[in-house]
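Worksheet: one structure, shown below.
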Amino acid sequence: MQEKDYKTQPKTKEKTVAYSALTLVLLIFILQAGFGMVVNILRNIDTFTKLKIVGNANKHSKIVNYNLRYEMQSFNSAKNLESIARNNLKMAAPDEILLVINQPQPKKKTEEQKVNKPKEKGIFFKER
């Protein structure tokens, strides 16, 4: 009886090693398929985002194009050209005085706000 057990033991050990290797290969294939699926989903999201950006840029350019065409049609009369030259290009006739009234621009940051305040310490530094 001991001889039978001795002879069957290497065969079961070989089967166990073979099954373990096949399990490892299957696990690698599953991980690769999952990684490929995640990459494809992220690529689709990126493509959709780029498509939205291009679509918005296209809409904006169509609006600008429409406005430029409208302004080009209004250039036909001398009166419109004169008003554009006066208002946009700040031009005046030789016997005229041009007054330009600038509106004050809001200040972004004052000197007091530029002073760096100490950061709070925690696990990470927090900025205010």
> Considering residues at least two apart in sequence or located in another chain, which fulfil the side-chain contact (heavy atoms from CB on, under 4.5 Å) criterion with Val54?
Replying inline: none

>> Working to the nearest 0.5 angstrom, can you tell me the gap between Asn56 CG and Ile53 CD1?
In response: 8.0 Å

> CD1 of Ile41 to CG of Asp46: how many Å apart, nearest 0.5 Å?
Replying inline: 14.0 Å

>> I'd like to check Asn40 versus Arg43 (side-chain heavy atoms, cut-off strictly below 4.5 Å). Are they in contact?
In response: yes

> To the nearest 0.5 Å, how far apart are OG1 in Thr12 and OH in Tyr19?
Replying inline: 11.0 Å

> Mind checking whether Met37 and Ile45 sit in one hydrophobic cluster, side chains of I, L, V, M, F, W, Y counted as touching below 4.5 Å?
Replying inline: yes

> When rounded to the nearest 0.5 angstrom, what is the spacing between CG in Asn58 and CG in Leu51?
Replying inline: 10.5 Å

>> Is the shortest side-chain heavy-atom distance between Leu26 and Leu22 below 4.5 Å?
In response: no

> Looking at OG of Ser20 and CG of Leu27, how far apart are the two atoms once the value is rounded to the nearest 0.5 Å?
Replying inline: 12.0 Å

